[in-house]
Amino acid sequence: MMINKDVKVVVQGITGNQGRFHTNIMRRYGTQIVAGVSPGKGGENLDDVPVFDTVEEAVNDTNANASIIFVPAQYCKSSIFESIEMNLNPVVVITEGIPVHDTMDAVWYANLKKIRIIGPNTPGVIIPSQKIKIGIMPDHVFKPGNIGIVSRSGTLMYEIAANLSEKGLGQSVCIGKGGDPITGLSITEILKFFEQDNDTKAVVMVGEIGGNEEEDASVLIKEMEKPVVAYIAGKNVPPGRRMGHAGAIIGGSSGGGTAENKIKVLSSVGVKIAASPKDVTDLLEEVI
Amino acid sequence: MMINKDVKVVVQGITGNQGRFHTNIMRRYGTQIVAGVSPGKGGENLDDVPVFDTVEEAVNDTNANASIIFVPAQYCKSSIFESIEMNLNPVVVITEGIPVHDTMDAVWYANLKKIRIIGPNTPGVIIPSQKIKIGIMPDHVFKPGNIGIVSRSGTLMYEIAANLSEKGLGQSVCIGKGGDPITGLSITEILKFFEQDNDTKAVVMVGEIGGNEEEDASVLIKEMEKPVVAYIAGKNVPPGRRMGHAGAIIGGSSGGGTAENKIKVLSSVGVKIAASPKDVTDLLEEVI
Amino acid sequence: MIYSLINTKNKKLYLLDNICHYSWQIMRLYEYQAKDILSRYGIKTPKGVVTDTAEKIEFDETPSVVKAQVLVGGRGKAGGIKFADNNGEIKKTVQYLLSTSIKGEKVKKVLVEERLDIDHEFYLGITLDRDKKMPVALASAYGGMDIEDIAINSPQSIKKKYIDPLFGFWDFNARKIVKDIGIKGNDLIGVTSVLSALYTIFKEYDAELVEINPFVRTVDGRFLAADAKILIDDNSLFRHREFEEQVKMQYSDIELMTKMKNIAYVGLDGDIGIIGNGAGLVMATIDTVNLYGGNPANFCDLGGGASKDRVIDAIDIVFSNKNVKGVFINIMGGITRCDEIAKGIIEYKNTKRIDIPFVIRMVGTREDEGRKICESNGIPVISTMDEAAKMIVRLVRDNTYN
Amino acid sequence: MIYSLINTKNKKLYLLDNICHYSWQIMRLYEYQAKDILSRYGIKTPKGVVTDTAEKIEFDETPSVVKAQVLVGGRGKAGGIKFADNNGEIKKTVQYLLSTSIKGEKVKKVLVEERLDIDHEFYLGITLDRDKKMPVALASAYGGMDIEDIAINSPQSIKKKYIDPLFGFWDFNARKIVKDIGIKGNDLIGVTSVLSALYTIFKEYDAELVEINPFVRTVDGRFLAADAKILIDDNSLFRHREFEEQVKMQYSDIELMTKMKNIAYVGLDGDIGIIGNGAGLVMATIDTVNLYGGNPANFCDLGGGASKDRVIDAIDIVFSNKNVKGVFINIMGGITRCDEIAKGIIEYKNTKRIDIPFVIRMVGTREDEGRKICESNGIPVISTMDEAAKMIVRLVRDNTYN
């Protein structure tokens, strides 16, 4: 399983606005938030969650086994390393704007220690049937079911989940891969998980222009038994522009990284391509 | 085995005086020296040994699987890392005067990659029965037999080996631990090897003042089946002085690190203590 | 362009070079700045002076080369590099270049350097392979021309060494690829240390690219960085305060304004303003509007957790494009709260006159509160993206043909 | 002394402090130098000036403390730290200290600092645990006194955090032990960054020890390094050229001479000069001479691969001690070649008059050549250490009672 139902989460950066706000929403949804970490604020209680100065203390006191990070970008590398050192797994990094060198170092250290990083710049992960979310997604648009979603974009994941839920297509697990150019878990790794997950019958991949992860994933998809439906954002964006997400740089002359190329490669391995987010629902109904 | 009889050695720093001199002596003794490395000198031949610019090339061309390093202290850290990266094992570091931070980093990297470093500041290792030496010891004082020697001092190892050989007590494997304050293999690790080595019946430990390795080794010795005889140099050195070897700092008031303390601790676990290098032979004859 | 090297086999080209000047994420240093950094790390560069005026320039290393300091690519072909044989010519050339623009970029500084007697031109660089998530060192014996041209013309000539970021890049790693481009003997040691130094710069400056092209061997056997390029990750600028002012200079006013306000804005050719939260959602909104026959006028991403002030700024920016005939605001609340967005829209509406169609769709965190605020102020809220897209397309078309 | 902290349970004390002044391996910085480094890494130190003359000193932060800059330990108890309440007193105190010696060390510089209004004294340090082969961060709420006294009086107060050198020392690692000594809230963040900075210094300066003691909290809540100590690994000085001159000043003439020549020499109380190759062998030689009733006059290690010139220098140094009544040269050739040693002995013999007994024992690399050189010059070579030790003891005794 990507996340055990006994997951006990520590919130790094709990005393910030976003950290505190989403801690309460996650708890209300059902997630066990057992501790917060905020250097210098140790010993306090924030909305009944004990706050510690270090992750080590939080883990010793509460047996936390996963982490979600809201720490400002400048300090984030250190926070990720701190979680990895304490073997928290997964480490969900919400923060955006982390220097790419910092992310790179953290991802390699996580691989060395066999820890999964989700993000950075991710909405996180949600398992509707278990009422667990480690993330910032609006949970009411997600319903229990057997569709897995992996998305490079947060809001687009919500959009598509909302459409699915409305048509009675609930979700097993939804994972935001993170919008940064370098992230922890790749689309391929997440698809591998879905292929093995007993609760998942079909997968939605939400891609976008830039990078090669969708193309790379086609190698795995070719071997997968479960059907994959994809939506790729950015068909109507002119080449040579970069759209907000650092990940969304699109290619020029040779076609790599463009929506067109991604759609071509994915189609060639049997992926159904949705013309719009709404289309995803119809295509899914065809394949399951 | 500490070293396989098919060991193929690359000499890092082969074009220096010492590197070249000892390459020839090692070959004459019987060691397979298959390559030398000296940046900028690649493509040359030195006394029929091919010289390469990098260890990688040397390994690809010659299947070398161990390394001996004569590189000047300033460049040594890089040379050790180069050998480790190519999985050469063991890496015997002859060079003295390496900054202790460099050695520390190299030792930790070696541990991570499960590579054995012998030294730095070691005479190396010799297996008289196989006519293999990876080191700089005068080989004619060593004879085949079943006594293992581990020594913190190079010349004192030769001294004791010469005494043993003269009395017909040949050696299985002799290993210079290295005189620096931080080294790769510890006395305990080397004793562990001797305890398991079928060719070794008894062990001589040559210690000296400073550090706690001899004391630490007593924990293992207590459990060992093979007899251990020790000589500890520095009984007549006044406290608070440091004698050449960086490792040989001796303790003051509380007795740790002194010859007296080492002898006390070792005696308490059944080690026979020699009064002088010559005494070692007599004590060995008693225990085997 | 450098990214093209990473996967030449698949011909995956990212035209980074074309976009870095106005990109949101990468800051490019001027040649003279890059060379200054290089020489502080022990890499030899030609003797030279940088100036922003022709008045007082005294430079004795003639013959010289006079180079416009601009950030656009293809400077040489565009006339930004000139030769001069004496001090008079230098003055005249500097004056001329300072009065011109290269590909639309005003020349503010000029670098005057000794002209090198070149024996051979190499390429050396370190960049980030985002797909492999690791740095890669690149070297080629075919420097001088654009590296993307090398990648196309003689891809085999480009030697690569991937770098484990935890292990680092050691002299022996560098030596391997320096040797692979034909540098031998004593030169091997010197050039290896140049490539090693590039990696140190790459790490210490949070670079996306550190490149020497051409890296030249002169007729008398010296090795120098004849041109240099450094691209720095904008997100790391808190560690590199010395570039704070400069990064501002590299953006247009509108770009700077949006950047400062954490809004991502890119102008497009159409007439429907698009505002959303999250790059993916905004792109999907553009795609959907297109699907129903509309033409988006821009890409405008509020980012995560936008405040009402950021919403007001975004609407302002979108309206600054006079082609805009309607606006579609599409919000999927997660870290973004719908009530904040609604407050921004209402405040904008209450302070500025909006005489063109406005379609709002919002779902997610505090959706009910947001919807209430909009509706109580007479702005209807649509539930689905498709419905909303269709509506804005219809409204703008109706408006246009009215 | 710091090493005592690492294993207080076993009471393993290394009196590093006592020996570092004349050690072969570790260079100690003066307090003012250490503080200069600290402040360059963002650690606050008291306002102060360093001077080597009382003439022109102007220092306005009165009351002041005036501290002799010496490298011996126990400076405070030995009268090296004085107080002064006004400029006149400062001048007088500086003048006085510059005219004195502390524990035999001439005072060459004096540091004048603002006197701090101290609320509490802590201890912070990073050192090397040679047994565990890793750095260790140390902190205690009982600073000010000698750290070895803390280790004896309240060992539990010393908090330790071992550091994996590949992983490094992160703020969260530092935070843990800073918290353990009772620092909380906002102070926690500031003091954590001080301890992190100490590790950065420790790595960048190849230190064996970086220590702030006392690290004080003033009555008005500031944290400052009131005293500081940095010990640097001599072997790393090629990376720290700025200390090259200074390291020379820290040695006596004979120490410096031997050091420059790669000879390790320590004077002892006896009358038999001992020269050998390898610290272990020389110590064993001393032990063996003792065993047979002799009294060694020194420890003298030629190191590995000695040339004939080094041998000549070593004999010279040993003879510079007028108590020496005989010399025992014990060589086990490995990297050292017996022929080189023999050449040195012969050259010394041929140029200087040797009127006291001389016993040579040599075995190993080029033993036959060495033996031949000696014997052909009338110097017998003994085969075993024991035999040679007995002989030198007998010869010196005979000589003494003749």
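Just so we're on the same page: letters track the sequence lines, and every chain starts at 1.
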Colleague: Given a strict heavy-atom distance threshold of 4.5 Å, which part of Asn173(D) is in contact with chain A: side chain, backbone, both, or neither?
Modeller: side chain

Colleague: Is the count of non-hydrogen atoms from other residues, nucleotides or ligands lying under 6.0 Å from Asn186(D) atom CG greater than 12?
Modeller: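 Count not over threshold, so no.
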
Colleague: Test your reading of the model: is there a side-chain donor-acceptor pair from Arg175(D) to the backbone of Asp53(A), 3.5 Å cut-off?
Modeller: yes

Colleague: Using non-hydrogen atoms only, which part of Glu44(A) is less than 4.5 Å away from chain D: side chain, backbone, both, or neither?
Modeller: neither

Colleague: What distance separates Glu82(A) CD from Asp171(D) CG, expressed to the nearest 0.5 Å?
Modeller: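 CG of Asp171(D) is found 7.0 Å from CD of Glu82(A).
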
Colleague: In terms of heavy-atom proximity below 4.5 Å to chain A, should Lys179(D) be classed as side chain, backbone, both, or neither?
Modeller: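 Just the side chain, heavy atoms under 4.5 Å.
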
Colleague: More than 12 foreign heavy atoms under 6.0 Å from CG of Asn17(A): is that the case here?
Modeller: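 Open.
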
Colleague: May I ask you to check whether Phe167(D) and Tyr109(A) place their ring centers less than 6.0 Å from one another?
Modeller: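 Judged by ring-centre distance (under 6.0 Å), Phe167(D) and Tyr109(A) do meet the cut-off.
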
Colleague: What part of Lys77(A) gets within 4.5 angstrom of chain D, counting heavy atoms only: side chain, backbone, both, or neither?
Modeller: both

Colleague: Might you confirm whether atom OH of Tyr29(A) has over 12 heavy atoms from other residues, nucleotides or ligands at distances under 6.0 Å?
Modeller: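 More than 12 within 6.0 Å, yes.
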
Colleague: Which heavy atom of Phe172(D) sits nearest a heavy atom of Phe81(A), and at what distance?
Modeller: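 Here Phe172(D) and Phe81(A) meet closest at CZ-C, 3.7 Å.
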
Colleague: Does Tyr32(D) have more than 12 heavy atoms from other residues, nucleotides or ligands lying within 6.0 Å of its OH?
Modeller: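 Check passes, neighbour count above 12.
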
Colleague: So how far is it from Asp180(D) CG to Glu57(A) CD, rounded to the nearest 0.5 Å?
Modeller: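 Reported value, rounded in 0.5 Å steps: 7.5 Å.
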
